[in-house]
Amino acid sequence: MEKSGRIYVAGHRGMVGSAIVRELKRQGYEHIITRTHRDLDLCRQDAVERFFEEEKPEYVFLAAAKVGGIAANQSALADFMYENIILEMNVIHSAWKNGCKKLEFLGSSCIYPRLAPQPMREVCLLTSELEKTNEAYALAKISGLKYCEFLNKQYGTDFISVMPTNLYGPNDNYHPTNSHVLPAMIRRFHEAKLNGLQSVTCWGDGSPLREFLYVDDLANLCVFLMNHYSGNETVNAGTGKELTIKELAVSVAKVVGYKGEILWDATKPNGTPRKLLDVSKASSLGWTYRTELLDGIRLSYEDFLKHLAYIQG
């Protein structure tokens, strides 16, 4: 990407989009285009087409999405599928129609089969059944990835996809029911500490294995791939390291300073048993992550405290 190129970051207020904007600025990119949801509803085809016709972005990072944890995915299956497919298709299609030089589509590791061989390689996509608790979201993301691939094959575009593992970091969503596991734990343990609770009960039995990537590391990879990768196959983004949800809870409680007991409600869903990405492709391109998990949790807790201070006035 040229430093003076017109770069549109869709979803710049979200955790991933804001991290990409930070990374672009850090690397000296001069012309970053953003729009809030109020200014541009990506689910409105006419509005998206008008925006692309007027702004003519040369590069696009598609980080906008409707996201949430297990509870949110299960309670709004239709919403997750519809909104994500519509906004993806609108942005990708308009980018193609207006001669965008390169687009990067941000997916999620939840698109891989529930029982995919571990660690999961990019080629295992669509080889067996998806995880039911996030099937709607996964199908939407697969549709976006495949549309990029089909445009490349039919029209010679240079549209790529990156599939991050579980993300966390600055500007995360700390909602008590709609957030992902790590930020949800930060909030719950923090509130338990403040209220002097003797115990905290977490969902599931704590056995699922998960991998976590600090969002600023992902942003660094996203810019790296825009400059160093072209191809129809997606690129996994992760650390190649995993831990159980129970071990994660202990780590978060330690950082937050909560000293009570951690209990588990096995009547609640665990989700996918294991979800570790094979990151050999990114490594072969010359990229690796920088932030270790405990350091990232500390940075995330600092961000949560700033977020809390802001919403409390």
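- Using the six-membered ring where Trp is involved, Tyr168 and Phe212 have ring planes that are perpendicular, over 60° apart on the 30 and 60° scheme.
- Partners of Glu302 under the side chain to side chain contact (heavy atoms under 4.5 Å, CB included) rule, at least two apart in sequence or in another chain, are Leu299.
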Inset, instruction - Check the pair Phe150 / Tyr155 against ring-ring contact (aromatic ring centres under 6.0 Å, His included), numbers first and verdict last. - result: CA-CA 8 Å; Phe150 297 153; Tyr155 294 107; over 10 Å; no
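- Listed for the Asp158 side chain is no donor-acceptor partner under 3.5 Å among the backbone atoms of Lys102.
- Looking only at distances, a side-chain donor or acceptor of Gln118 sits under 3.5 Å from a matching main-chain atom of Ala116.
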Inset, instruction - Please lay out, stage by stage, how Ile160 and Thr234 fare under the test side chain to side chain contact (heavy atoms under 4.5 Å, CB included). - result: CA-CA 7 Å; Ile160 63 174; Thr234 187; over 6 Å; no
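- Judged as a ring pair (Phe, Tyr, Trp, His ring centres under 6.0 Å), and not counting sequence neighbours, Tyr147 has no contacts.
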Inset, instruction - Begin with the C-alpha distance, continue with both residues' side-chain angles, and end with the deciding distance and a verdict on side chain to side chain contact (heavy atoms under 4.5 Å, CB included) for Val91 and His93. - result: CA-CA 6 Å; Val91 172; His93 186 71; over 6 Å; no
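- Here the CZ-CH2 distance, from Arg188 to Trp203, works out to 10.0 Å after rounding to the nearest 0.5 Å.
- Contact between Ser300 and Gly169 at its shortest, heavy atoms only, is OG-CA, 3.4 Å.
- A donor and an acceptor atom, one from each side chain of Thr133 and Glu131, are located under 3.5 Å apart.
- Closest approach of Leu130 and Glu135 over heavy atoms only: CD1-CG, 4.2 Å.
- A donor-acceptor pair is defined here as one N or O able to donate and one able to accept, closer than 3.5 Å; such a pair exists between the side chain of Thr127 and the backbone of Cys124.
- No single ILVMFWY cluster, assembled from side-chain heavy atoms under 4.5 Å apart, contains both Val181 and Val16.
- Between Tyr301 and Phe304, the angle of the ring planes stays under 30°, which puts this pair in the parallel group of the 30/60° scheme.
- Looking at Asp217, its side chain never comes within 3.5 Å of a backbone N or O of Tyr289 through a donor-acceptor pair.
- The closest side-chain heavy-atom distance from Leu103 to Leu151 is not below 4.5 Å.
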Inset, instruction - Could you check Asn166 against Leu182 for side chain to side chain contact (heavy atoms under 4.5 Å, CB included), going step by step and ending with a plain yes or no? - result: CA-CA 9 Å; Asn166 300 286; Leu182 199 156; over 6 Å; no
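- Among residues two or more places apart in sequence or in another chain, the ring pair (Phe, Tyr, Trp, His ring centres under 6.0 Å) test is passed with His12 by none.
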Legend entry - Tyr8 and Tyr59: CA distance, side-chain angles, deciding distance, ring-ring contact (aromatic ring centres under 6.0 Å, His included) verdict: CA-CA 6 Å; Tyr8 171 46; Tyr59 307 98; over 10 Å; no
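- For the pair Asp303 and Lys306, the salt-bridge criterion is not met [side-chain N within less than 4.0 Å of a carboxylate O].
- Between the side chain of Asn236 and the main chain of Met120, a donor-acceptor pair closer than 3.5 Å is present.
- For the pair Pro183 and Asn173, the minimum side-chain heavy-atom distance is 4.5 Å or more.
- Judged by the 6.0 Å distance and 45° axis criteria, Lys193 is not positioned over the aromatic ring of Tyr258.
- Other residues, nucleotides and ligands contribute only 12 or fewer heavy atoms inside 6.0 Å of the NZ atom of Lys241.
- Val48 and Ser94 make their closest contact through CG1-OG, 3.7 Å (heavy atoms, listed as atom of the first residue, atom of the second, distance).
- The closest donor-acceptor contact from the side chain of Asp265 to the backbone of Cys202 lies at 3.5 Å or more, if one exists at all.
- Rounded to the nearest 0.5 angstrom, Leu139 CG and Met81 CE are separated by 5.0 Å.
- With respect to Tyr214, the side-chain contact (heavy atoms from CB on, under 4.5 Å) criterion is satisfied by exactly one of Ile297, Thr291, Leu293, Thr239: Thr291.
- For Glu49, the salt bridge (Lys or Arg N to Asp or Glu O under 4.0 Å) test picks out Lys97, with sequence neighbours left out.
- Side-chain heavy atoms closer than 4.5 Å link hydrophobic residues (I, L, V, M, F, W, Y) into clusters, and following such links, even through other members, never connects Leu77 to Ile111.
- For the pair Asp79 and Lys66, the salt-bridge criterion is not met [side-chain N within less than 4.0 Å of a carboxylate O].
- Taking 4.5 Å as the limit, some side-chain heavy atom of Leu221 sits within range of a side-chain heavy atom of Leu225.
- The closest donor-acceptor contact from the side chain of Asn84 to the backbone of Tyr137 lies at 3.5 Å or more, if one exists at all.
- Applying the side-chain hydrogen bond (donor to acceptor under 3.5 Å, both in side chains) test to residues at least two apart or on different chains, the pairs with a partner in residues 246-257 are Thr244-Glu247.
- Residue Arg13 places its CZ atom among 12 or fewer non-hydrogen atoms of other residues, nucleotides or ligands, all under 6.0 Å distant.
- To the nearest 0.5 Å, atom CD of residue Glu53 and atom CD of residue Glu55 are 12.0 Å apart.
- One finds a salt bridge joining Glu58 and Lys101 here, because a Lys/Arg side-chain nitrogen approaches an Asp/Glu carboxylate oxygen to under 4.0 Å.
- Atom NE2 of His190 and atom CD1 of Ile186 lie 10.5 Å apart (nearest 0.5 Å).
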Inset, instruction - Report the C-alpha distance between Ser161 and Val235 in whole Å, list the side-chain angles of each, state the deciding distance to 0.1 Å, and finish with yes or no for side chain to side chain contact (heavy atoms under 4.5 Å, CB included). - result: CA-CA 6 Å; Ser161 300; Val235 178; over 6 Å; no
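- Side-chain heavy atoms closer than 4.5 Å link hydrophobic residues (I, L, V, M, F, W, Y) into clusters, and following such links, even through other members, never connects Met15 to Met185.
- Here the shortest heavy-atom pairing between Leu115 and Pro273 reads CD2-CG, 4.3 Å.
- Nearest heavy-atom pair across Ile86 and Cys43 is CG2-O, 3.4 Å.
- Although no hydrogens or angles enter the test, the distance criterion places no donor-acceptor pair under 3.5 Å between the side chain of Asn98 and the main chain of Cys100.
- Hydrophobic cluster membership differs between Leu167 and Leu294, with clusters built from Ile, Leu, Val, Met, Phe, Trp and Tyr side chains linked at under 4.5 angstrom.
- With a 4.5 Å cut-off on side-chain heavy atoms, Lys281 and Arg121 do not count as touching.
- When the side chain to side chain contact (heavy atoms under 4.5 Å, CB included) test is applied to Glu23, the partners found at least two apart in sequence or on another chain are Arg26, Gln27, Ala219, Asn220, Val223.
- Judged purely by atom type and a 3.5 angstrom limit, Glu88 uses its side chain to pair as donor or acceptor with the backbone of Gly144.
- A salt bridge links Glu242 and Arg274; the closest N-O separation between the charged side-chain nitrogens and carboxylate oxygens is under 4.0 Å.
- Side-chain N or O atoms of Glu211 include one that pairs as donor or acceptor with a backbone N or O of Gly240 at under 3.5 Å.
- With values rounded to the nearest 0.5 angstrom, Ile33 atom CD1 is found 12.0 Å from Phe61 atom CZ.
- In this structure, His31 NE2 and Ile7 CD1 are separated by 9.5 Å, a value rounded to the nearest 0.5 Å.
- Side-chain atoms of Ile142 and Leu125, non-hydrogen and from C-beta on, do get closer than 4.5 Å to each other.
- Nearest heavy atom pair, residue Met1 against residue Leu24, reads CE-CD2, 4.0 Å.
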